[in-house]
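Take a look at the structure set out below.
On a predicted model such as this, the values are computed, not experimentally measured, just so you know. Throughout, a chain's letter reflects where its sequence line sits, starting with A, and its residues are numbered from 1.
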There are 2 protein chains.
Amino acid sequence: MTDNIHLKKAGLKVTLPRLKILTILEQAKERHVSAEDVYRALLASKEEIGLATVYRVLTQFEAAGIVKKHHFESGQSVFELDDGGHHDHLVCIQCSQVEEFMDQAIEKRQQEVAEQAGFLMTDHSLNIYGLCKRCQ
Amino acid sequence: MTDNIHLKKAGLKVTLPRLKILTILEQAKERHVSAEDVYRALLASKEEIGLATVYRVLTQFEAAGIVKKHHFESGQSVFELDDGGHHDHLVCIQCSQVEEFMDQAIEKRQQEVAEQAGFLMTDHSLNIYGLCKRCQ
DNA sequence: ATGTATGCAAAACATTTGCACCTGG
DNA sequence: CCAGGTGCAAATGTTTTGCATACAT
């Protein structure tokens with residue numbers, strides 16, 4: 001299975017917790033999940049994996065470039081599989097659902113703004129908060 | 001003094017802690033400060049104000065539109081006086097210094113992106129992370 | 001075998017809250 | 001005087017860590 005390769009390539013031992021967590025991230029209905037979400041999903045599938053391990057594994061995955069971590073307003077961090085493509089987020093303040101978008105014009109202007117300020121941009125995050133279609 | 005008016009207009013009693021905290025926000029070298037920063041500044045000026053009060057007052061100030069609260073990557077929230085004008089942020093990942101900017105083209109595109117997705121935008125935050133001039 | 005991962009419980013943070021006391025209008 | 005504000009300590013919610021045990025290679 002391709003998951004093993006993913007992990008090995010990242011220099012991580014192929015362990016059951018890591019595989020399970022990776023599977024959950026791949027099969028989650030919502031692409032953007034919190035550590036707690038992952039933990040609950042593990043419990044639901046009768047896995048004996050501690051919350052501490054979930055945090056440790058997600059942190060390792062982030063360092064390995066397997067997932068991306070975001071800090072929305074909610075207080076807890078959310079993770080999503082990193083498919084390599086950059087995008088920004090629309091976050092519903094009612095149902096917490098997250099949609100992704102990507103706008104070349106904005107990306108370009110950001111780069112220009114950073115340059116103009118003498119900043120060496122390493123990263124950026126743009127989140128639009130509001131009510132999604134269903135919550136209005 | 002204009003601070004009293006600020007507070008009264010917000011329906012807040014003019015108390016010593018509130019005045020002191022407002023003064024600190026106005027006189028801070030760095031416009032963007034954490035609750036802890038404010039608390040330390042109070043200690044430095046020999047004020048007997050608890051950290052809980054700092055949080056309470058800052059939260060009230062936010063509700064009253066006196067300050068804005070931001071969640072950068074750092075884990076703690078930072079506050080800045082709200083002068084009414086919207087702007088986004090350039091955050092130095094080394095020295096934590098924050099610069100402000102505002103770009104009409106980006107603002108406009110954001111609005112369009114939200115509309116296109118059927119989102120009713122209530123708020124948005126754009127943060128560019130990187131190394132500031134001095135830290136490169 | 002052996003170095004790395006894990007589970008559990010405890011610690012560490014940032015922030016909030018309950019409650020008795022104090023204070024501004 | 002008295003509603004509202006404050007200080008302190010304890011509670012909360014999230015994330016991290018120490019350590020003895022279990023597991024992958």
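One atom, CG of Leu51(B), and another, P of dC8(D), lie 11 Å apart when rounded to the nearest Å. Spacing between atom CD1 of Ile21(B) and atom C1' of dG5(D) amounts to 12 Å, rounded to whole angstrom units. Summarising the geometry, the separation between CD on Glu36(B) and C1' on dT15(C) is reported as 11 Å, rounded to the nearest angstrom. One interatomic measurement links the two molecules: NZ of Lys8(B) to C1' of dG5(D), which rounds to 16 Å at whole-angstrom precision. The distance between atom CD of Gln60(A) and atom P of dT6(C), rounded to the nearest whole Å, is 6 Å. If you measure from atom CD of Glu47(B) to atom P of dT6(D), you get 13 Å, rounded to the nearest angstrom. Across the protein-nucleic acid pair, Arg18(B) atom CZ and dG24(C) atom C1' stand 10 Å apart, rounded to whole Å. Between the C1' atom of dT6(C) and the OH atom of Tyr39(A) lies a distance of 13 Å, rounded to the nearest Å.
Contact check, Arg56(B) against dT6(D): no side-chain N or O comes under 4.0 Å of OP1 or OP2. Side-chain N/O atoms of Tyr55(A) include none lying less than 4.0 angstrom from OP1 or OP2 on dT16(D). Distances shown here put every side-chain N or O of Ser34(A) at or beyond 4.0 Å from the OP1 or OP2 atom of dT14(D).
Closest-nucleotide positions on DNA chain D for Ile49(B) and Lys13(B) were compared, and the one nearer the 5' end corresponds to Lys13(B). If Ala52(A) and Gly75(B) are placed on DNA chain C by their nearest nucleotide, the residue sitting closer to the 5' end is Ala52(A). Of the two residues contacting DNA chain D, namely Val54(B) and Thr15(A), the nearest-nucleotide position lying further toward the 5' end is that of Val54(B).
Checked for salt-bridge contact, Arg31(A) and Glu80(A) meet the test: a charged N lies under 4.0 Å from a carboxylate O.
Aromatic ring orientation, His87(B) versus His70(B): tilted (interplanar angle from 30° to 60°). Using bins of under 30°, 30° to 60° and over 60° for the plane-to-plane angle, the ring pair His32(B)/His89(B) lands in the perpendicular bin.
The closest side-chain heavy-atom distance from Arg134(A) to Gln97(A) is below 4.5 Å.
Annotation for Val54(A) and Ala35(A): closest pair CG1-O, 3.6 Å, computed over non-hydrogen atoms.
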